Structures are given as structure tokens and as C-alpha cells.
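To find a chain, count down the sequence lines: A is the first, B the second, and so on, and within it residues start at 1. Since we're looking at a predicted model, the values are computed, not measured.
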Protein chains: 2
Amino acid sequence: MREDTRTRIQEIALRLFTEQGYEATSLREIAEELGVTKAALYYHFKTKDDIVASLADLRVAEVEELLEWVKTQPRSPETRREVVLRYAEALRRPRYMEVARFMERNQTALRDHPKIVRMREAMLELVKEMSDPDDPLALRLGRSMSLFALHAGKWMPHEESVSEDEVMEASLEVALRLLEP
Amino acid sequence: MREDTRTRIQEIALRLFTEQGYEATSLREIAEELGVTKAALYYHFKTKDDIVASLADLRVAEVEELLEWVKTQPRSPETRREVVLRYAEALRRPRYMEVARFMERNQTALRDHPKIVRMREAMLELVKEMSDPDDPLALRLGRSMSLFALHAGKWMPHEESVSEDEVMEASLEVALRLLEP
DNA sequence: GTCTATATCGTGATAGAC
DNA sequence: GTCTATCACGATATAGAC
């Protein structure tokens, strides 16, 4: 059974926005890859920003959920570990990592987009929850990098002999190590 | 003595490109901040790309120099440590960190720009020189993140009570720790 | 749902006067 | 070195037929 057009637009847009950048990608390009005209896109999405919003939705809810959860937990090594594990788990879901990469690569272009702003704020709060204000600065910094380390594995170049799972496992190891002094 | 116009253009462009993104920043905006018309910019820079090139120049030579040096050294813990220290030292120079941030934030928009391509390749080689192919994956990943950790300190949010130097010192601590198993 | 046609705008860039 | 005036282009977005 064939995907619906809306989903195909999302997929094409996600790829092009990430590869070339949001502003550098025109609706004409997306339409051409889809095999329709520019105007047809406007039936499925009201504006170009709307496409971004639909992509952000794939991720925002999940991060905010994780944030809500962590707020109910004590600030302990176990909680931090669990946050990293849950975040890593989320990254395995289809398209999640791709959306994360799209956002990361287009932060400036999208810095005023409401959904992106919410996303950034949630991530900052999440990072904040992972340290006490009186922890040493280097430790706090390391923990801030922890979640990012999980993304980094996918973006760093490595040989083809290494499998996805191995990279994810190694990233997780780095991330967990960054939690501790 | 007043800065020359060329330098002022670079400064304004660097700030706007970083804050809003390269594509989102028009020459009109830069000209307005400078207090001249768009056309006047073209006396100082032949194209918009030329402004980027002049900004990249502030950093490319330095990284390539560091790369050349590391290639003459054995792959040892001391060499890796020295690379991180030298890179951290370079980041203290005026505008270097700002240029790094500008590049980082606009990687996609500038992905075909010759100077940016050279820069990325040099950084990748530099990272490569910091590990042996048979080191464990997690260690190689951590070392890849090491230089990035030095950037990260500046971007992560932290209280105003913390000084620049303290942040840099903490970043350095994280970076050095990432070098070791 | 998709089309053609068009409106409207801002962009990077150039020519030539001063 | 800076200006005015202008160009050519491609962008997002809309109207209305099919």
C-alpha cells in the first residue's frame, strides 16, 4: 500500500532541508521530486513553515514527555542514566534522528519558528535537570554534552564495516561516561 | 583610529550570519547597519560569497597549520593533548570562536563553498589523526568530540557569575578527559 | 487533488553619475 | 567610495479551471 502524498512531501522536504538547508530548498524542488507542481503542495500544507511544523511535531511531543517525566524524579545518578537511555531509545524510532539532524542543521534559519523554539527550550530544561547548580562547571558541561553525544555518533564519519548498532552502542558509552565526574 | 570599512562589513556580516543565518541575511540588512547602501558593499566585496571567504580565511590557515604540525608528530597521548591545547589557544584569539560558530551554524547553506569545504576536510583529518583505526569505537568517538567540546562551552547556557576563563578551563577539562579511555 | 497562470515581492548584482 | 536607478531572477503564495 502506497504512502499518502502528505507523508511523501514530509520525507522529501526533510531530506532536502537537511542536505541543502531550509532556505536553500524551494517548494519547486520539493514539488519536482514529488512529480507534481508547486501549487499542488499548497493543498497539503498551507505554507512552507507548515511543513517545518509538521516535521517538528514528530519530535517535540517526545522530548516534552521525557522532560515531564524527569521533573517527577529525584536528581540522582540513576535518573540521569535513565534519561540518557530513554533518549537513546527515542532516537532509534523511525525519522526521529533525521528530524533531530534537520533541526540542528537549520537552527539559525528556524530560530523564530514557534515549534523549534519550544523544542530548544525543552532540550535546555532537560539538560538543566541533569545537574545541580553547585556541581563543578566541568561536570555540568560534560552532562550538557551527554545527550548531544548520542546524536554525534550518527554524524561522525566512520568506516562502513561498523554497523549502526555498534555506533549507537559506542555513543551510549560516551554519553554515559560524560554523566560521571 | 577608526576601523576601515572592510573590517566593519566583516564584523556586521559575521554577527548577522550567525544570528539569523547566511541565507536569511540580505546585503541590504548589512548595508543598513553599516549606514550605506547595498551598492556600496560591492566596492569592498565582489559578491556575498566573497564576504564568507574573507571570514573563513580568519580560521582556515590556522587549522591547516595545526594539521600540518600534527602530521609530523607520532600518535601519542602527548601529541593529542598538545593538539587540544593548541586548538584551545587558537580559540582565544579575537573573532576565531565567532567564525567557528558562524561556520558551524551555517554548514548546510555553505556546504559547497570552497573555503568551507577545505575547513571541514581539515577538521576531519585532524580528528582522524587523533585515533588509531584499531582503537575501540567509543574511544574514537569520544576523541572526535574532544575538539568540539571546546566550542561547546561557549554555546551552552550558564550563569553570568561564571567568567569566560572559567568556562574555557572547564571545557578544556572535558576535552582532555574525552581523549582517554 | 492537481493543474495553469499570475500576483507580488525581495534578492544579488551591475551601470554609470558624482 | 558612495550614490541612484535598474535589471533579471526566483521565491512564496493565490485564484480559479478541471
Engineer: Against the six-membered ring of B:Y22, is B:K48 placed for a cation-pi contact (under 6.0 Å from the centre, within 45° of the normal)?
Structural biologist: yes
Engineer: Among B:E33, B:E98, B:Q20, exactly one meets side chain to side chain donor-acceptor pair (under 3.5 Å) together with B:R15. Which residue is that?
Structural biologist: B:E33
Engineer: Do the ring planes of A:Y87 and A:H151 sit parallel (below 30°), tilted (30 to 60°) or perpendicular (above 60°)?
Structural biologist: parallel
Engineer: Within this structure, what is the CG-to-C1' distance between A:D4 and C:dT2, rounded to whole angstrom?
Structural biologist: 16 Å
Engineer: Is B:S26 close enough to C:dG10 that one of its side-chain N or O atoms is under 4.0 Å from OP1 or OP2 there?
Structural biologist: no
Engineer: Please confirm whether the shortest side-chain N or O distance from A:Y42 to OP1 or OP2 of D:dA13 is below 4.0 Å.
Structural biologist: yes
Engineer: Using whole Å, report how far NZ of B:K48 lies from C1' of C:dG10.
Structural biologist: 12 Å
Engineer: A:E32 CD to C:dT2 C1': how many Å, rounded?
Structural biologist: 16 Å
Engineer: What's the verdict on salt bridge (Lys or Arg N to Asp or Glu O under 4.0 Å) for B:D49 and B:K115, showing C-alpha distance, side-chain angles and the deciding distance?
Structural biologist: CA-CA 10 Å; B:D49 262 13; B:K115 286 266 171 60; over 6 Å; no
Engineer: Rounding to an integer number of Å, can you tell me how far A:Y43 OH sits from D:dT12 P?
Structural biologist: 21 Å
Engineer: In this structure, how many angstroms lie between the P atom of D:dT2 and the CG atom of B:L27, rounded?
Structural biologist: 15 Å
Engineer: Tabulated below should be each protein N or O lying under 3.5 Å from an N or O of nucleotides 3-7 of chain C; please produce it.
Structural biologist:
{"residue": "C:dC3", "atom": "OP2", "partner": "A:T37", "partner atom": "N", "Å": "2.5"}
{"residue": "C:dC3", "atom": "OP2", "partner": "A:T37", "partner atom": "OG1", "Å": "2.9"}

Engineer: Please state how far atom CG in A:D50 lies from atom C1' in D:dA13, giving the value in whole angstrom units.
Structural biologist: 13 Å
Engineer: B:R28 CZ to C:dT11 C1': how many Å, rounded?
Structural biologist: 10 Å
Engineer: Among C:dT2, D:dT2, D:dA13, which is the nearest nucleotide to the side chain of A:T5?
Structural biologist: C:dT2
Engineer: Nearest 0.5 angstrom please: B:L139 CG to B:M130 CE, how far?
Structural biologist: 10.0 Å
Engineer: Hydrophobic cluster mates of B:V162, side-chain heavy atoms under 4.5 angstrom, ILVMFWY only, any path?
Structural biologist: A:L137, B:V167
Engineer: Do any N or O atoms from the side chain of A:R143 and from the backbone of A:R80 form a donor-acceptor pair under 3.5 angstrom?
Structural biologist: no
Engineer: Send over the distance from A:E23 CD to D:dG10 P, rounded to a whole Å.
Structural biologist: 17 Å
